[in-house]
Amino acid sequence: MATLEILNVTKRFGRKVIAVDDISLEVHDQEFLVLLGPSGCGKTTTMRMVAGLEEVTEGTILIDGVDVTDLPPRKRNISMVFQNYAIWPHMTVFENIAYALRLKHMAKSEIDRIVREVAGMTNIGEYLERLPAQLSGGQQQRVAVARAIAVSPKVFLMDEPLSNLDAKLRVSMRTELKAIHASAKATTVFVTHDQSEAMSIADRIVIMRDGKIIQTGTPEEVYEKSANLFVADFIGTPPTNFFDVTLQKSNGTLHLVNPHFDLSLDAANTARLNGYNKEQLVLGVRPENIVLTSEKDSIMGMTALVVEPQGSHQVIAFKMDEKMVKVVAPSQPKPDMGSTIHLNFSQGTLRFFDPETTFAIGD
Amino acid sequence: MAATKPKSLRKKLEKATPYLLVLPVVAYYAIFWLRPVIAVVIGSLTDANGALTLHNFAMVLNDEKFWPAFNNTAIIVVASVTIEFIGALFLALLINRKFFGSSIFLFLTLIPMALPAVATGAMWITGFTAHGWLNSLLYYLGFLAEGDKIYWLGGLEANTFKLLVLVILVDAWQVIPSMMIILLAGLQNLPEETKEAGYVFGGNYMTVLRKITMPMLRPTIQTAVILRLISAIQIWLIIVLLLGFGRLPVLVERIVYYHEEVPGLDISYQMSAGYTIIVSVIVSLTALVYLRASGAFKKEEAA
Amino acid sequence: MNRKTKKTVYKAVKETIFYLFVTGLIGAMLLPVYFIISLSFLSTREAYRYPLPLVPALQTKFEMTHGERGYLLSVYDRVEKDYQTVLDTSELEKMEVYIKSQLGTSISQEEIQAEMDRLDDSGEDSIFFTKPRNLLYNYDTFFKVTRDAVPALIRSLEIAALTILISITIGGLAGYAFARYIFKGKDALKFSVLFVRMFPGVAIALPMVIILAKANLYDEPLGLSLIYSVGAIGLTIWITASIFMGIPESLEQAAQVFGATKFQAFMRITFPLALPGLAASAMYTFLGAWNETVGAIILTQFKPTFSVVVYQTLLGASGQVNLAAAGGIAMALPAVFFTFFIRRYINQMWGGVTV
Ligand SMILES: Nc1ncnc2c1ncn2[C@@H]1O[C@H](COP(=O)(O)OP(=O)(O)OP(=O)(O)O)[C@@H](O)[C@H]1O
Ligand SMILES: [Mg+2]
């Protein structure tokens, strides 16, 4: 089908606002790529530039190798699900879906066939003659999706299409979208600021912040190999725990020392920190990588402040230097609130960050 | 960084779109507004022979009716804008309560706005004559004894003050609806929750009105008042319909008087042009002062 | 009484007072309008009586006796509550004209003749009879007697239509630009609405006489509508901008993404959605153009507008208040009719743009 390339693209509004700052990105054929980032980081702007709704200040956008930077939206062979759906209130569901096909001068029977097919895929077949005002939010959203897939575009853009739905519908629509993608196989760019949504749906995630791309990778990569403090904090619930530690060397092993613990690193981790010669370091540990152990295997004993059973697991929180640290542990054994828990880190998953640059070290 | 490419024609056109859309208005104003305005400005600055002079303005200022006209206009503007604003706001708040039948009520209150000036003229002329419907009504209601009549617009006791009051009331009657619709639209477009939040946090009707509704309505109020202010200074037609020229002189009435009523005088054209310029200057200054005082400009600077 | 009924009664009393207040308010506001309407149905004779009858009569009561010159006709006067002699003649035509024009009552010469015969045959001193009023007499007369009323009406419609056309196209384009684009001079455009109004409208009309005459548009409907549009365009910009602001831009952009040109997207999406609001805006313009009088007096000579004709009936030599009232009401009807529709759209019309 198609590839999408964004090359050194910058977008400025006026002189001061740089909404998108020199980003480059390649979306592979049939890939489901998620643009993820906090509010205001430039996700929508990027999408709108790909769609041709926003002029590119600098840079080039290629679809299937063809420069579309200066083409109007209608010549780009894309389709889009808008954040607020943007379904046309004065047209029936059928007309909404058929409009784009009519613009392509398709035969009536062909239009009819396609509309019914995509309506079936999105489960809105029974509402075709209704006006959008007579549909629920979730149904409207599916009309927007149906309209977008009907045109079989080269690139399929979705700007936070699920953000207006309630939690349950959101999860089920997520699965449906993924299924639709699996059958339609359109190259897709999906925008969200919800990291768990991104993790569950993406082939690859692009993390943006302040108009820049911070990291690109599969969900596993951005989770396990977060490129900097921001990503490690942004991805995952509960987020990564960070500890400010001092590097100390004694008899050939490295120790990460903090008023509460003294962690001696294994050989592999020591090797990772070989080239690092600053004294301070930020240690990042995912909540599931802090393990409850017996007192003798532990590096610290803390007071369990909150214990939240979640069924399959439990979340235990304790306080260290005014900061909450969260631990995800198997549901048994269950410590009492207020009791002392003994903890250690699993060495294979430790993350190290340079406190000055915030970047990860030792990857 | 990619080098900036030469802009395609499409891009240029896209950039120019808003200007192209606005162009017809600019051209239209230039032909049908600016041209006559310039003609009047030139007229006000030249004498009968076409020589440049400021004498016309001196003539206007020395016109025996100038200061009475100025004062009458000022009184009417202050009083009528105040009364009309209060009346319009009251009606708008009432209709915004959305009671059963409020839509019909709204329609009925809009009727004065829809009536042509000649129809309202006829209405008040027949009302204010000694044997008109107003006296008849008062008679039927028992306020007037048989044979007694109130000489609304004439008679011995017709002083300027009485005429001013009548004119202000008559004007308010016709103008309140057009001011009201602007305020009503503003009220109805305020998010309902802001008011509800005010009630939830313990406000009563008056405090919510004062502390929440009115401040949020401010841009709308400014719009309604400035539009009204500009036209109130230019009041004249209803006065001439009721009283003819000269009995209650106001500024714009003087323009028409010199141009239409005494066109024969050699100074008529100069007088009417002079009056026009003076009126426009007064209107612009008032509008400017109002906008500045009400903070309409500040908001833009902040944005 | 228990608390619940007490509460219901309290509520009912409160509601009743509220509605009495609202009805009283609207009654007081529209009282003058009532009188002008009532006046438009009064006969000429009654229109000049004092005190003015409060409601138009539906019929006229006559008394007929023998007079010096023929038959003596008296009519019942509602003010004096007695019959008053109005005519002494034997000429059928004179009597018919008088009854029709002064008393606004339908009667034919045959009917008059029949009453005369009845008086002669009865041998009594006087006979009484009643004839229905022709309530629309004033309206009828206004259009028949007033030279020009019908052509003037057509001209006024033409002028209003042209004004709407000019101001909606020119103002609507600018309103669209205002709602959708950021551009240099946007604020200037907004304030131009105020600016144009700062120069007295009459003062513009005066030099326009010469400008229009040069363009052969003096005393022509097009010329008038060009002048009316100067004032109308400004408000049209504000109103249409408000309307377009109320239609999300993304609807139009969605159409563009799905293959429409900018123009197609506007025509297929934004325009139909804006249409009701634009119609309301057009009606608003109609009110202004239809009701305008002063400019029309200055800028017409042999082709007056309807408003000028009414004005002349009111103040001119042939002036007659009940005819003027009928003309005024006839003129107000379409304006009031449109107002009925406009009221639904005031939110869209005035919601978006403020100074
Ligand atoms: N038309 C505009 N004019 C000026 N600044 C703009 C404009 N559109 C966006 N911006 C700015 O550009 C930045 C990026 O905006 P964008 O809408 O792309 O964010 P986003 O990542 O989509 O955020 P969200 O998750 O809230 O939708 C923001 O700081 C925003 O204020
Ligand atoms: Mg966004």
Side-chain angles (χ1 to χ4, degrees), chain A residues 13-14 17 44 47-55 68 71-91 95-106 131-133 140 143-161, chain C residues 168 172 175-190 239-282 341 344-345 347-349 351-352:
Chain A
F13 290 108
V17 184
T44 298
M47 287 282 252
R48 290 172 56 82
M49 285 191 291
V50 174
L53 296 171
E54 206 78 73
E55 197 188 338
V68 298
L71 289 184
R74 77 195 131 92
K75 294 198 178 145
R76 295 190 180 201
N77 213 340
I78 47 160
S79 81
M80 186 160 174
V81 179
F82 285 73
Q83 185 158 359
N84 56 4
Y85 312 153
I87 43 183
W88 303 303
H90 59 307
M91 297 186 194
E95 279 306 316
N96 261 281
I97 303 173
Y99 179 58
L101 307 175
R102 289 196 208 291
L103 284 169
K104 293 193 167 137
H105 305 290
M106 276 187 191
L131 285 173
Q140 292 186 13
V143 175
V145 173
R147 180 177 71 176
I149 54 180
V151 295
S152 26
K154 285 192 169 165
V155 180
F156 196 6
L157 306 171
M158 296 192 242
D159 191 357
E160 307 203 30
Chain C
I168 281 274
Y176 184 79
F178 192 91
R180 290 283 194 262
Y181 295 92
I182 296 169
F183 54 95
K184 281 199 198 87
K186 193 168 165 169
D187 272 333
L189 178 69
K190 186 170 81 178
I239 290 172
T240 51
S242 285
I243 292 165
F244 288 127
M245 280 172 179
I247 300 168
E249 193 178 4
S250 61
L251 294 183
E252 214 175 294
Q253 291 175 337
Q256 283 177 270
V257 165
F258 290 115
T261 62
K262 177 99 188 147
F263 183 70
Q264 280 173 324
F266 176 82
M267 289 313 288
R268 183 74 179 93
I269 310 296
T270 308
F271 185 67
L273 289 169
L275 205 53
L278 293 179
S281 171
F341 293 100
R344 289 164 188 269
Y345 295 102
N347 285 3
Q348 277 138 288
M349 290 164 71

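Chain letters run A, B, ... following the sequence lines, proteins first, then strands; residues in each count from 1.
Residue-environment remark: CZ (C/Phe271) stays at or below the threshold of 12 foreign heavy atoms within 6.0 Å. Within a 6.0 Å sphere centred on NZ of A/Lys104, heavy atoms belonging to other residues, nucleotides or ligands number more than 12.
Interface remark: A/Ala148 contributes backbone and side-chain atoms alike to the contact with chain C (heavy atom separation under 4.5 Å). When heavy atoms are compared at a cutoff of 4.5 Å, A/Leu157 does not approach chain C at all. For C/Glu249, no part lies near chain A; criterion is any non-hydrogen pair under 4.5 Å. Of the atoms belonging to A/Asn84, it is side-chain heavy atoms, and not backbone ones, that fall under 4.5 Å from chain C. Only the side chain of A/Glu95 comes within less than 4.5 Å of a heavy atom of chain C; its backbone N, CA, C and O stay farther away.
Across all non-hydrogen atoms, the minimal contact from A/His90 to C/Pro272 is NE2-CG, 3.7 Å. Annotation for A/Pro89 and C/Leu251: closest pair CD-CD1, 3.7 Å, computed over non-hydrogen atoms. For the pair C/Ala254 and A/Ala86, the tightest heavy-atom approach, listed with the atom from each and the gap, is CB-O, 3.9 Å. The two residues C/Val257 and A/Ser79 have their closest heavy-atom pair at CG1-CA, 3.8 Å.
Under the 3.5 Å distance criterion, with hydrogens and angles disregarded, a donor-acceptor pair is assigned to the side chains of A/Arg48 and C/Gln253.
Identified under the salt bridge (Lys or Arg N to Asp or Glu O under 4.0 Å) test for residues 261-282 of chain C, with sequence neighbours left out: C/Glu252-C/Lys262.
Of the residues considered (A/Arg76, A/Met80, A/Arg147, A/Met91), A/Arg147 shows the highest number of contacts with chain C, using heavy-atom pairs under 4.5 Å.
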